[in-house]
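Below: the structure, in structure tokens.
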Amino acid sequence: MISNNYSDASLSIHANKRMQQRGIKEQILDTLLAYGDYQHKCGADIYHASISACKEMIAEGVNPQVMDKLNGLYAVVVNDTIVTVSHKH
């Protein structure tokens, strides 16, 4: 598993609301934070599921339905807080 510093990050009120509005389950977000790659931009870490992350998930037996829901999903983390979660358009 790809380890990162945000598997125990707190969820902001805004991120929680966006997850509810967008139908993003906590399990999906947890998987993204556990396996996803991230880029540091403007003081934030932006997580996404890259091809290499997907290969790692396949090797570790992550459910394909979970992986499908990661397609286009990203999370923005600032100071150990998940500030928003969305899908790329």
Side-chain angles (χ1 to χ4, degrees):
M1 178 181 345
I2 299 169
S3 63
N4 61 61
N5 297 331
Y6 298 115
S7 57
D8 293 322
S10 61
L11 193 63
S12 71
I13 293 169
H14 173 82
N16 188 45
K17 186 174 186 178
R18 294 298 174 256
M19 287 176 65
Q20 290 176 3
Q21 290 174 335
R22 296 170 178 147
I24 301 167
K25 305 270 187 223
E26 195 169 327
Q27 175 194 14
I28 303 303
L29 177 59
D30 289 346
T31 303
L32 179 65
L33 295 176
Y35 291 94
D37 294 326
Y38 67 93
Q39 295 178 320
H40 188 77
K41 291 185 178 181
C42 301
D45 290 329
I46 303 169
Y47 282 79
H48 67 281
S50 66
I51 292 172
S52 62
C54 290
K55 288 179 181 178
E56 181 75 20
M57 286 184 265
I58 290 168
E60 296 222 1
V62 173
N63 184 324
Q65 291 177 337
V66 169
M67 290 177 52
D68 186 51
K69 292 181 181 184
L70 292 173
N71 187 24
L73 186 69
Y74 70 92
V76 179
V77 181
V78 177
N79 297 328
D80 296 331
T81 301
I82 302 160
V83 294
T84 197
V85 182
S86 187
H87 291 97
K88 293 180 184 176
H89 297 282

Over all atoms of both residues, closest heavy-atom pair of [X] and [Y]:
| X | Y | result |
| --- | --- | --- |
| His87 | Asn71 | CD2-O, 4.1 Å |
| Tyr47 | Gly36 | CD2-O, 4.0 Å |
| Ala49 | Cys54 | CB-SG, 4.3 Å |

Inset, instruction - Please list, chain by chain and in numerical order, all residues satisfying side-chain contact (heavy atoms from CB on, under 4.5 Å) with Ile58, sequence neighbours excluded. - result: Met67
Please table the atom pairs, donor to acceptor, closer than 3.5 Å between any side-chain atom in residues 12-22 and protein atoms at least two apart or in another chain.
| residue | atom | partner | partner atom | Å |
| --- | --- | --- | --- | --- |
| Ser12 | OG | Ala15 | N | 3.0 |
| Ser12 | OG | Ile82 | O | 3.0 |
| Ser12 | OG | Val83 | O | 3.3 |
| His14 | NE2 | Thr84 | OG1 | 3.3 |
| Arg18 | NH1 | Gln21 | OE1 | 2.7 |
| Arg22 | NH1 | Val85 | O | 2.6 |

Legend entry - Contacts of Ser86 that satisfy side chain to side chain donor-acceptor pair (under 3.5 Å) - sequence neighbours left out: none
Inset, instruction - Check the pair Leu73, Lys69 against side chain to side chain contact (heavy atoms under 4.5 Å, CB included), reporting the backbone distance first and the verdict last. - result: CA-CA 8 Å; Leu73 186 69; Lys69 292 181 181 184; over 6 Å; no
Legend entry - Sub-4.5 Å side-chain heavy-atom contact between Met57 and Leu70: yes
Legend entry - Over 12 foreign heavy atoms within 6.0 Å of CG, Asn63: yes
Legend entry - Atom pair OG1 (Thr31) and CD (Glu26), whose distance is rounded to the nearest 0.5 Å: 10.5 Å
